[in-house]
Structures are given as structure tokens and as C-alpha cells.
Amino acid sequence: MSLSEPPRYQSIDVVRGVAVLGILTMNMASFAMIPPATFNPLAAEPTGAGDVALHAVNLILFDGRMRGLFAMLFGASMLLMAERNEAAGIDPGGAHLARMAWLLVFGLAHLYLLWHGDILHHYALVGLLAFLLRDLRVPALLIVGALLYIVQLWIGSATPRAVALAQAGLPDSASAAAVLARIERSFGTPASADIATWNAAFRDGGYGAALAQRWAEHRWTPLLALLFQSFDTLALMLWGMAAYRSGLLTGDWPRRRYRRWAMIGFGVSIVPALLLAGWLIATRYALYPVTSATMLLSPVVRVPMIVGWACLMVAFALAGGALAARFAAVGRMAFTNYIATSLICTTIFYGYGLGLYGRVDRLGQFGIMLSIWLALLAFSPWWLTRFRYGPLEWLWRSLATRKLAPFIASDTH
């Protein structure tokens, strides 16, 4: 995805490949079901024990972890390419600005034309800020990232605090009811009229209906995400820079050290994550537990496991083998594969495709997800034996450099 040819670290490609596939574990529900079902499996009826169990597994192992890896790798790649451009005599600031500008265009197109859950536009905007901090040393990157993450936790705590106040009838009964209805729509059991609106747009309607509903609900998403969700994204990008500079992501650590930190990361996170999942199940996903878990507690619990996942996957990459090479190929085509999952899933679930929106439970979604994983693990290596870049990677590079990049694998000019 770079402007000039950086050295390829298979470890980074493998982690990126795992992240782009892993993100689909959480995105599947967003493609297939009404919005609050992503956070609350009881929001979409009927719900069976399998739906609750799969939601719990996602919460414990994947929720926010894969997005965290992706953001860290974005920061690491930003630093890697800035260093490479500087060595090649290319202005790293101008090159980065061009890349982020075009990524913003791609992300906004993805958000408005295809699927509301796009992260690319957000990464492009936050990436402009992260680039300004690239010269910080590893300790400073870690400390600044931690401070930013704390700010994000404070912002996130506003939602469960609002629920607690509203459930206490404050500031008055009418205002409290309005607050609870608004938050229920996003995290709890939405009104039947809202469910009917979503089904009409995404299950029963054509492309125009889906487009109109996306615009109605998400036209301000880029601005709102930048104002209220950028602190943890920036923190993760800075931590990714630190992970690159420290040798974690480049495979420079001893293998024993990767195994040890993987065990620490999972060990520290797994018990609190299990307790969190158990609390949600025991309370039948009541509004206060769901908002507390989503906006405050899960973001705290996930950080050590993000490090654990990174160390585990780098160790996997260092071990080599055919499977690691396939994940690396998926990672090299992460941009293409990320958009491909949206194309595939919206075609399966939306009304202008198969119209399965709201009709496939989580077990069925899991089967579809595994099929997509296998397809991308097969397709990506096949493509890269014939072409130098994924199609969107090539287009992004060509637009950012204002010249056609070589495309055929044997083409060096």
C-alpha cells in the first residue's frame, strides 16, 4: 500500500491478514441484523442459546481486539513508509497526505455507497494526526497513547452514566424516558417501528432504499467519529508505532519473548472478559450492563489481549509454513479484502441481493464467515502470484503517486 517500495515484513503481513479476517467476526452481525444486535444478541428475535454463546465468544476473544490490531498496524505501516520515503529522498509528509486524502475518498465512498461500518475514512483522518507524532520515542508513544486511551474511556463512560441517571428518573421523567428510548435504539431492544424501518430498507428494499437509510442515519458519522471516537484510534496507532520501533511487529524479538507476552496478554484479559460476558448473560443484556460493557469495561479489558494477539501472530509468522504464507497474502491485500467482505456480505444480506437480512442466526452467520475466510485465503495467494498488488492497493498507489504503478507480477517498470 506504500508509495515507495518498503521492505516487506512477513510478520506484519500475517498480523494484518489475521486482523482483516478477524474484524469480520464482529462485522457479520452488523451486516446481517438490526444495528443493536451487534452489542445485544437479544435485540433480534428469535434468539437461541447459540446466538448468546457466539456473542459471548466474540466478546471474550475478538470484540475490539481485531480492530485494535488493525489500527496498530496502520500506525506501524505509517512509520515504516515514512522512513522508507525519507531514505529514498521523497517528502514523507507530502506522500502521507496524498495517501490519506485518497484513503478518505475511498472510505467515504464505502461508508455512503456500500456499508455504514466503514473504518477507512476514520483512519485517514486520525492518520493525519498520528503522523505529526511519529518522531516520538517508544516510551513517549506509549505514554501519550495511554493518556489518549484514558480520555476515550472517560468519553465512553458518558453513555452508561446517562443510562443510570435516566433509570433513576433524572432529571425528570419525560427527559429520562427520551434518553432511554434513544439509547435502547442503539444498544437494547428498539421500538418495533425502528425494526420495521431497518427491515424495509435493508431486507425488503432495493439499493436506493438502503442508500437513503444509510444517508439518513450516518451522514454525520465521519464528524461524530472524529470528535468522539478518535482518541483510542490515535492511541492504538501510536502504540503500533511503538510496537514497530521496539521490534515487536518486525519479528526481531526472541521467540520465547513472543510466547511469554502472548501468555501474559491473554492471561490478564481472559478472566475479566469471561466475567464481563457472564454479567451480560446473567442480567439478560439489560441496558446498563450492555452500555457499560460496550463503552467502558470491554475497552479496558481488551488492551492486553491486543498485545497477546500481536505476539501470538508474529510467533506464528516466524514459524513459517504454507498457512502463514496465506495469511500474509491476505494481509498484503488487506484493503482489497476489507472492501471485498463488504461487497460479499451486503450482496448476501441486503434486499438488492439475496435479502437474508434478519433471517440468518449467528450460527448461520458463522458458517458464512468461515466460507469468506477460506475464499480469501485461497484467492489472495493466487492473485499475488500473478499481480504485484491487490486491485485496490494498486489503484490507491497509482492515484496517490499520480502515475500508474506496475501491476503484473513480472512488470518492474
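Counted by atom type alone, N27 and T341 present zero donor-acceptor pairs between their side chains at under 3.5 Å.
The aromatic ring centres of W309 and F266 sit less than 6.0 Å apart. Checked against the 6.0 Å centroid threshold, Y285 and F187 do not count as a close aromatic pair. Aromatic rings from F39 and H55 are positioned such that their centres are separated by 6.0 Å or more. For Y357 and F349, the gap between ring centers reaches or exceeds 6.0 Å. Here the two rings, on Y350 and F202, have centers that are under 6.0 Å apart.
Note: W115 and H110 have tilted aromatic rings, judged against thresholds of 30 and 60 degrees for the angle between ring planes.
The pair R185-E217 meets the salt-bridge criterion, since a charged nitrogen lies less than 4.0 angstrom from a carboxylate oxygen.
Residues L24 and C345 approach most closely at CD1-SG, 4.2 Å, considering heavy atoms. Pairing each heavy atom of A405 with each of W394, the nearest pair is O-NE1, 2.6 Å. Nearest approach of A242 to L141, heavy atoms of both residues: N-CD1, 3.7 Å. Here the shortest heavy-atom pairing between R214 and L114 reads NH1-O, 3.1 Å. Pairing each heavy atom of G68 with each of I306, the nearest pair is CA-CD1, 3.9 Å. The shortest heavy-atom contact between V268 and P304 is CG1-CG, 3.8 Å.
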Practice task
Please test R16 against M72 for side chain to side chain contact (heavy atoms under 4.5 Å, CB included), starting from the C-alpha separation and ending with a verdict.
Solution key: CA-CA 9 Å; R16 187 183 292 110; M72 285 182 64; over 6 Å; no

Exercise for the section: Please test R203 against R359 for side chain to side chain contact (heavy atoms under 4.5 Å, CB included), starting from the C-alpha separation and ending with a verdict. Expected result: CA-CA 9 Å; R203 183 188 67 194; R359 292 172 170 152; 3.5 Å; yes

Exercise for the section: Go through the steps for L249 and S11 under the test side chain to side chain contact (heavy atoms under 4.5 Å, CB included), then give the verdict. Expected result: CA-CA 6 Å; L249 289 174; S11 56; 5.6 Å; no

Exercise for the section: Apply side chain to side chain contact (heavy atoms under 4.5 Å, CB included) to F106 and L395, showing your working. Expected result: CA-CA 10 Å; F106 284 119; L395 180 59; 3.8 Å; yes

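Tested against M100 for a side-chain contact (heavy atoms from CB on, under 4.5 Å), the candidates L125, L128, V105 yield a single pass: L128.
Although no hydrogens or angles enter the test, the distance criterion places no donor-acceptor pair under 3.5 Å between the side chain of T294 and the main chain of T291. Side-chain atoms of Y352 do not come within 3.5 Å of backbone N or O of A209 as any donor-acceptor pair. With hydrogens and angles ignored, the 3.5 Å screen pairs a side-chain donor or acceptor of S77 with a backbone N or O of L73. Under the 3.5 Å distance criterion, the side-chain polar atoms of Q167 are left unmatched by any main-chain donor or acceptor of A176. Although no hydrogens or angles enter the test, the distance criterion places no donor-acceptor pair under 3.5 Å between the side chain of R326 and the main chain of A322. Under the 3.5 Å distance criterion, the side-chain polar atoms of S269 are matched with a main-chain donor or acceptor of M305. Not one N or O on the side chain of T25 forms a donor-acceptor pair closer than 3.5 Å with the backbone of N58. At distances below 3.5 Å, at least one donor-acceptor pair connects side-chain atoms of T283 with backbone N or O atoms of L280. The backbone N or O of R99 sits less than 3.5 Å from a side-chain atom of W396, completing a donor-acceptor pair. Distance alone, capped at 3.5 Å, places no donor-acceptor pair between the S292 side chain and the P289 backbone.
Side-chain contact between M33 and T38: absent, with no pair of heavy atoms (C-beta onward) separated by less than 4.5 Å. Inter-residue side-chain proximity for L120 and I339 is flagged as met; some heavy-atom pair is nearer than 4.5 Å. Using a 4.5 Å heavy-atom threshold, the side chains of Y244 and T250 count as touching. With a 4.5 Å cut-off on side-chain heavy atoms, F131 and L97 do not count as touching. Considering only heavy atoms from C-beta on, F335 stays 4.5 Å or farther from V20 through its side chain. T189 is not listed as a side-chain neighbour of P36, based on a closest heavy-atom distance of 4.5 Å or more. Side-chain atoms of H116 and S30, non-hydrogen and from C-beta on, do get closer than 4.5 Å to each other. Side-chain contact between S230 and H122: present, with at least one pair of heavy atoms (C-beta onward) separated by less than 4.5 Å.
Note that R257 lies in the cation-pi zone of W253, set by a 6.0 Å cut-off to the ring centre and a 45° limit from the axis. Both the sub-6.0 Å distance and the 45° axial angle are not jointly satisfied by R67 relative to the ring of F70.
Interatomic distance, F231 CZ to L153 CG, rounded to the nearest 0.5 Å: 12.0 Å.
Counting heavy atoms of neighbouring residues, nucleotides and ligands inside a 6.0 Å radius, atom CZ of F228 does not exceed 12 of them.
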